[in-house]
Amino acid sequence: MRQTKLEDFLELEEHNKELEKKIKVELEKNRKKDELLFRQAKMASMGEMLANISHQWRQPLMEISSLFLPIEAKLKMGIHIENDELQDSIKQLNEITKYMSSTIDDFKNFFSKDKEKMKFEILQQINSTINIINGGLKAHNISLDIIIKKNPTILAYKNEYSQALINIINNAKDVLVQRKIEEPKIDIIIEEKDGLVITSIHDNAGGIRIEPIEKVFDPFFTYEKVNGSGIGLFMSKLIIENNMGGKLEVKNKQDGALFIISIPKL
Ligand SMILES: Nc1ncnc2c1ncn2[C@@H]1O[C@H](COP(=O)(O)OP(=O)(O)OP(=O)(O)O)[C@@H](O)[C@H]1O
Ligand SMILES: [Mg+2]
(Lines give C-alpha, C1' and ligand atoms only; values in the text may rest on other atoms or scores of the structure.)
(Ligands and ions follow the chains in the order given, each with its own letter.)
Protein backbone atom coordinates (compact mmCIF):
# COMPACT_ATOMS: atom_id res chain seq x y z
CA MET A 1 0.00 0.00 0.00
CA ARG A 2 1.21 3.49 -0.82
CA GLN A 3 1.86 5.78 2.09
CA THR A 4 -0.03 9.04 2.27
CA LYS A 5 1.83 12.32 1.79
CA LEU A 6 1.51 13.04 5.49
CA GLU A 7 3.19 9.77 6.38
CA ASP A 8 5.98 10.54 3.91
CA PHE A 9 6.45 13.88 5.48
CA LEU A 10 6.52 12.53 9.03
CA GLU A 11 9.04 9.90 8.06
CA LEU A 12 11.26 12.53 6.49
CA GLU A 13 10.91 14.69 9.55
CA GLU A 14 11.96 11.78 11.76
CA HIS A 15 14.91 11.14 9.51
CA ASN A 16 15.96 14.79 9.69
CA LYS A 17 15.85 14.71 13.46
CA GLU A 18 18.06 11.65 13.52
CA LEU A 19 20.55 13.38 11.27
CA GLU A 20 20.53 16.50 13.39
CA LYS A 21 21.28 14.43 16.45
CA LYS A 22 24.16 12.69 14.71
CA ILE A 23 25.61 16.03 13.60
CA LYS A 24 25.39 17.36 17.14
CA VAL A 25 27.23 14.35 18.50
CA GLU A 26 29.94 14.69 15.84
CA LEU A 27 30.33 18.41 16.49
CA GLU A 28 30.67 17.79 20.21
CA LYS A 29 33.28 15.10 19.52
CA ASN A 30 35.22 17.57 17.37
CA ARG A 31 35.06 20.26 20.01
CA LYS A 32 36.40 17.84 22.61
CA LYS A 33 39.21 16.84 20.28
CA ASP A 34 40.20 20.49 19.75
CA GLU A 35 40.13 21.05 23.49
CA LEU A 36 42.40 18.08 24.09
CA LEU A 37 44.86 19.26 21.44
CA PHE A 38 44.76 22.67 23.01
CA ARG A 39 45.67 21.27 26.40
CA GLN A 40 48.44 19.13 24.89
CA ALA A 41 49.81 22.19 23.15
CA LYS A 42 49.84 24.09 26.40
CA MET A 43 51.79 21.28 28.04
CA ALA A 44 54.29 21.23 25.18
CA SER A 45 54.84 24.95 25.44
CA MET A 46 55.25 24.52 29.18
CA GLY A 47 58.29 22.37 28.47
CA GLU A 48 59.60 25.13 26.24
CA MET A 49 58.91 27.64 28.99
CA LEU A 50 60.88 25.68 31.55
CA ALA A 51 63.81 25.52 29.18
CA ASN A 52 63.49 29.27 28.78
CA ILE A 53 63.40 29.89 32.52
CA SER A 54 66.58 27.96 33.00
CA HIS A 55 68.17 29.94 30.17
CA GLN A 56 67.07 33.17 31.69
CA TRP A 57 68.22 32.36 35.17
CA ARG A 58 71.60 30.95 34.31
CA GLN A 59 73.21 34.35 33.82
CA PRO A 60 71.90 36.01 37.02
CA LEU A 61 72.71 32.88 39.03
CA MET A 62 76.29 33.05 37.82
CA GLU A 63 76.39 36.71 38.77
CA ILE A 64 75.10 35.96 42.24
CA SER A 65 77.57 33.18 42.80
CA SER A 66 80.50 35.40 41.91
CA LEU A 67 79.21 38.54 43.59
CA PHE A 68 80.61 37.78 47.04
CA LEU A 69 83.77 35.99 45.95
CA PRO A 70 86.07 38.98 46.53
CA ILE A 71 84.49 39.62 49.92
CA GLU A 72 84.84 35.99 50.90
CA ALA A 73 88.50 36.04 49.87
CA LYS A 74 89.17 39.14 51.94
CA LEU A 75 87.44 37.61 54.94
CA LYS A 76 89.61 34.52 54.64
CA MET A 77 92.77 36.52 54.42
CA GLY A 78 91.79 38.78 57.28
CA ILE A 79 91.74 41.89 55.09
CA HIS A 80 89.53 44.72 56.23
CA ILE A 81 86.30 45.09 54.21
CA GLU A 82 85.00 48.58 53.57
CA ASN A 83 81.41 49.26 54.47
CA ASP A 84 80.81 50.70 50.99
CA GLU A 85 82.04 47.58 49.27
CA LEU A 86 79.70 45.40 51.26
CA GLN A 87 76.75 47.67 50.67
CA ASP A 88 77.49 47.78 46.97
CA SER A 89 77.40 43.99 46.72
CA ILE A 90 74.18 43.82 48.68
CA LYS A 91 72.61 46.38 46.37
CA GLN A 92 73.64 44.37 43.33
CA LEU A 93 72.28 41.21 44.89
CA ASN A 94 68.94 42.91 45.45
CA GLU A 95 68.78 44.02 41.86
CA ILE A 96 69.56 40.60 40.47
CA THR A 97 66.97 38.89 42.65
CA LYS A 98 64.41 41.53 41.67
CA TYR A 99 65.03 40.73 38.04
CA MET A 100 64.76 36.99 38.68
CA SER A 101 61.55 37.44 40.54
CA SER A 102 60.06 39.54 37.77
CA THR A 103 60.89 36.90 35.17
CA ILE A 104 59.10 34.34 37.31
CA ASP A 105 56.08 36.65 37.49
CA ASP A 106 56.05 36.84 33.72
CA PHE A 107 55.92 33.07 33.58
CA LYS A 108 53.23 32.84 36.19
CA ASN A 109 51.07 35.32 34.31
CA PHE A 110 51.71 33.43 31.16
CA PHE A 111 50.34 30.21 32.57
CA SER A 112 47.32 31.65 34.31
CA LYS A 113 44.37 31.09 32.02
CA ASP A 114 42.80 34.19 30.53
CA LYS A 115 39.32 34.40 31.94
CA GLU A 116 38.16 37.35 29.96
CA LYS A 117 39.27 39.67 27.25
CA MET A 118 41.02 42.74 28.49
CA LYS A 119 42.44 45.91 27.09
CA PHE A 120 46.20 45.95 26.82
CA GLU A 121 48.94 47.87 25.09
CA ILE A 122 50.39 45.70 22.43
CA LEU A 123 53.97 46.90 22.90
CA GLN A 124 53.95 46.23 26.62
CA GLN A 125 52.68 42.71 26.06
CA ILE A 126 55.28 42.07 23.38
CA ASN A 127 57.99 43.34 25.71
CA SER A 128 57.02 41.05 28.56
CA THR A 129 56.78 38.17 26.07
CA ILE A 130 60.26 38.91 24.78
CA ASN A 131 61.45 38.96 28.36
CA ILE A 132 60.35 35.34 28.62
CA ILE A 133 62.20 34.07 25.56
CA ASN A 134 65.09 36.48 25.26
CA GLY A 135 67.51 34.18 27.05
CA GLY A 136 67.05 31.48 24.43
CA LEU A 137 67.54 33.95 21.60
CA LYS A 138 70.65 35.49 23.12
CA ALA A 139 72.18 32.06 23.69
CA HIS A 140 72.11 31.60 19.91
CA ASN A 141 73.16 35.17 19.04
CA ILE A 142 69.84 35.85 17.37
CA SER A 143 69.14 39.56 17.19
CA LEU A 144 65.60 40.70 17.70
CA ASP A 145 64.29 44.08 16.56
CA ILE A 146 60.90 45.55 17.34
CA ILE A 147 59.71 48.21 14.96
CA ILE A 148 56.75 50.18 16.27
CA LYS A 149 54.78 52.11 13.73
CA LYS A 150 51.89 52.41 16.15
CA ASN A 151 51.33 51.24 19.73
CA PRO A 152 47.64 50.48 19.86
CA THR A 153 45.59 49.16 22.74
CA ILE A 154 43.59 46.05 21.89
CA LEU A 155 40.83 44.10 23.57
CA ALA A 156 41.86 40.46 23.55
CA TYR A 157 43.13 37.51 25.58
CA LYS A 158 46.48 38.77 26.72
CA ASN A 159 48.25 35.53 27.56
CA GLU A 160 46.95 33.68 24.57
CA TYR A 161 48.25 36.44 22.34
CA SER A 162 51.66 35.97 23.98
CA GLN A 163 51.45 32.24 23.55
CA ALA A 164 50.91 32.55 19.81
CA LEU A 165 53.76 35.03 19.59
CA ILE A 166 56.08 32.72 21.51
CA ASN A 167 55.26 29.77 19.27
CA ILE A 168 56.04 31.79 16.15
CA ILE A 169 59.28 33.26 17.54
CA ASN A 170 60.45 29.88 18.86
CA ASN A 171 59.83 28.30 15.47
CA ALA A 172 61.94 31.00 13.82
CA LYS A 173 64.65 30.41 16.42
CA ASP A 174 64.60 26.63 15.82
CA VAL A 175 64.99 27.04 12.06
CA LEU A 176 67.67 29.75 12.36
CA VAL A 177 69.69 27.46 14.62
CA GLN A 178 69.10 24.29 12.64
CA ARG A 179 70.06 25.85 9.32
CA LYS A 180 73.08 27.55 10.94
CA ILE A 181 72.14 30.92 9.49
CA GLU A 182 74.86 33.57 9.65
CA GLU A 183 73.72 36.76 11.40
CA PRO A 184 70.38 35.27 12.41
CA LYS A 185 67.64 37.79 13.07
CA ILE A 186 63.96 38.19 13.81
CA ASP A 187 62.04 41.42 13.24
CA ILE A 188 58.69 42.23 14.77
CA ILE A 189 56.67 45.06 13.25
CA ILE A 190 53.56 46.49 14.90
CA GLU A 191 51.20 48.61 12.85
CA GLU A 192 47.58 49.50 12.39
CA LYS A 193 45.63 49.20 9.16
CA ASP A 194 41.89 49.33 8.37
CA GLY A 195 40.81 48.85 11.98
CA LEU A 196 43.21 45.95 12.44
CA VAL A 197 46.20 45.71 14.71
CA ILE A 198 48.90 43.88 12.83
CA THR A 199 51.91 42.12 14.33
CA SER A 200 54.32 40.79 11.70
CA ILE A 201 57.13 38.43 12.58
CA HIS A 202 59.85 38.05 9.98
CA ASP A 203 62.98 35.92 10.13
CA ASN A 204 65.95 35.37 7.81
CA ALA A 205 66.09 31.57 8.05
CA GLY A 206 65.39 30.95 4.36
CA GLY A 207 61.65 30.35 4.46
CA ILE A 208 59.20 27.49 4.76
CA ARG A 209 59.95 24.59 2.46
CA ILE A 210 56.48 23.11 2.41
CA GLU A 211 53.90 23.10 -0.37
CA PRO A 212 51.24 24.38 0.07
CA ILE A 213 52.65 26.62 2.76
CA GLU A 214 49.37 26.68 4.77
CA LYS A 215 50.05 23.07 5.74
CA VAL A 216 52.16 24.38 8.63
CA PHE A 217 48.88 25.12 10.43
CA ASP A 218 47.68 21.50 10.30
CA PRO A 219 47.63 19.66 13.62
CA PHE A 220 50.65 17.37 14.06
CA PHE A 221 52.35 18.71 10.97
CA THR A 222 56.05 18.97 11.67
CA TYR A 223 58.97 19.03 9.26
CA GLU A 224 62.78 19.10 9.51
CA LYS A 225 62.61 18.91 13.31
CA VAL A 226 63.92 16.32 15.71
CA ASN A 227 61.46 16.90 18.51
CA GLY A 228 58.62 18.74 16.81
CA SER A 229 55.11 17.79 17.81
CA GLY A 230 53.47 19.93 15.14
CA ILE A 231 50.92 21.64 17.33
CA GLY A 232 52.52 25.04 17.86
CA LEU A 233 51.11 26.75 14.79
CA PHE A 234 47.85 24.81 14.85
CA MET A 235 47.24 26.12 18.34
CA SER A 236 48.34 29.63 17.44
CA LYS A 237 45.86 29.75 14.58
CA LEU A 238 43.10 28.46 16.84
CA ILE A 239 43.86 31.16 19.40
CA ILE A 240 43.99 34.04 16.95
CA GLU A 241 41.13 33.02 14.67
CA ASN A 242 38.63 31.16 16.87
CA ASN A 243 39.15 32.93 20.16
CA MET A 244 39.94 36.44 19.00
CA GLY A 245 38.21 36.76 15.64
CA GLY A 246 41.52 37.63 14.01
CA LYS A 247 43.67 36.10 11.32
CA LEU A 248 47.03 34.31 11.28
CA GLU A 249 48.68 34.13 7.88
CA VAL A 250 52.05 33.01 6.57
CA LYS A 251 54.11 33.94 3.52
CA ASN A 252 57.62 33.34 2.29
CA LYS A 253 59.68 36.46 1.69
CA GLN A 254 63.02 36.58 -0.10
CA ASP A 255 65.13 35.67 2.90
CA GLY A 256 62.70 33.94 5.25
CA ALA A 257 59.22 33.36 6.60
CA LEU A 258 56.74 36.09 7.47
CA PHE A 259 53.91 35.45 9.93
CA ILE A 260 51.15 38.05 10.16
CA ILE A 261 48.77 38.27 13.13
CA SER A 262 45.81 40.60 12.54
CA ILE A 263 43.44 41.35 15.39
CA PRO A 264 40.41 43.66 15.13
CA LYS A 265 41.01 46.82 17.15
CA LEU A 266 38.56 47.01 20.10
N1 LIG B 1 59.89 30.49 10.60
C2 LIG B 1 59.87 29.30 9.99
N3 LIG B 1 60.73 29.03 8.97
C4 LIG B 1 60.73 27.83 8.34
N5 LIG B 1 59.89 26.81 8.67
C6 LIG B 1 59.00 27.01 9.66
C7 LIG B 1 58.94 28.26 10.38
N8 LIG B 1 57.96 28.17 11.31
C9 LIG B 1 57.44 26.93 11.19
N10 LIG B 1 58.05 26.22 10.20
C11 LIG B 1 57.73 24.84 9.79
O12 LIG B 1 56.39 24.57 10.17
C13 LIG B 1 56.34 23.34 10.91
C14 LIG B 1 55.17 23.37 11.87
O15 LIG B 1 55.41 24.26 12.96
P16 LIG B 1 54.71 23.99 14.36
O17 LIG B 1 55.14 25.05 15.29
O18 LIG B 1 53.26 23.83 14.14
O19 LIG B 1 55.26 22.59 14.80
P20 LIG B 1 56.73 22.22 15.33
O21 LIG B 1 57.50 23.47 15.58
O22 LIG B 1 57.30 21.27 14.36
O23 LIG B 1 56.43 21.46 16.68
P24 LIG B 1 55.94 22.13 18.08
O25 LIG B 1 54.62 21.52 18.35
O26 LIG B 1 56.98 21.74 19.04
O27 LIG B 1 55.83 23.61 17.88
C28 LIG B 1 57.70 23.23 11.54
O29 LIG B 1 58.02 21.88 11.82
C30 LIG B 1 58.62 23.83 10.48
O31 LIG B 1 59.00 22.85 9.52
MG1 LIG C 1 56.72 25.03 16.84
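Reckoned from all heavy atoms, side chains included, excluding hydrogens, waters and symmetry mates. Remember, it's 1-based here, ligands and their atoms both numbered in the order they're listed.
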*Going by the order shown, which atoms of ligand 1 are within less than 4.0 Å of some heavy atom of Ser229?*
23 (O), 24 (P), 25 (O), 26 (O)

*Interfacing atoms of ligand 1 (cut-off 4.0 Å, heavy-atom, Phe221)*: 14 (C), 19 (O)

Do any nitrogen or oxygen atoms of [X] come within less than 3.5 Å of a nitrogen or oxygen of ligand 1?
| X | result |
| --- | --- |
| Ile208 | no |
| Asn171 | yes |
| Leu233 | yes |
| Tyr223 | yes |
| Gly232 | yes |

*Proximity of Thr222 to ligand 1 by residue part, where a heavy atom lies under 4.0 Å*: both

*If you measure from each non-hydrogen atom of Asp203 to ligand 1, which part falls under 4.0 Å: side chain, backbone, both or neither?*
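Side chain only.
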
*asked:* Taking CG in Asp194 as the centre, count heavy atoms belonging to other residues, nucleotides or ligands within less than 6.0 Å. Is the count above 12?
replied: no

_Thr153, Ile190, Ile198 screened by side-chain contact (heavy atoms from CB on, under 4.5 Å) with Ile122, the one that passes_ =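 Of Thr153, Ile190, Ile198, side-chain contact (heavy atoms from CB on, under 4.5 Å) with Ile122 is met by Ile190 alone.
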
Can a non-hydrogen atom of [X] be found less than 4.0 Å from any atom of ligand 1?
| X | value |
| --- | --- |
| Glu224 | no |
| Gly207 | yes |
| Ala205 | no |
| Ile231 | yes |

*Within the stated cut-off of 2.8 Å, is an N/O/S atom of Asn171 closer than that to the Mg ion (ligand 2)?*
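Under 2.8 Å: Asn171 contacts the Mg ion (ligand 2) through an N, O or S atom.
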
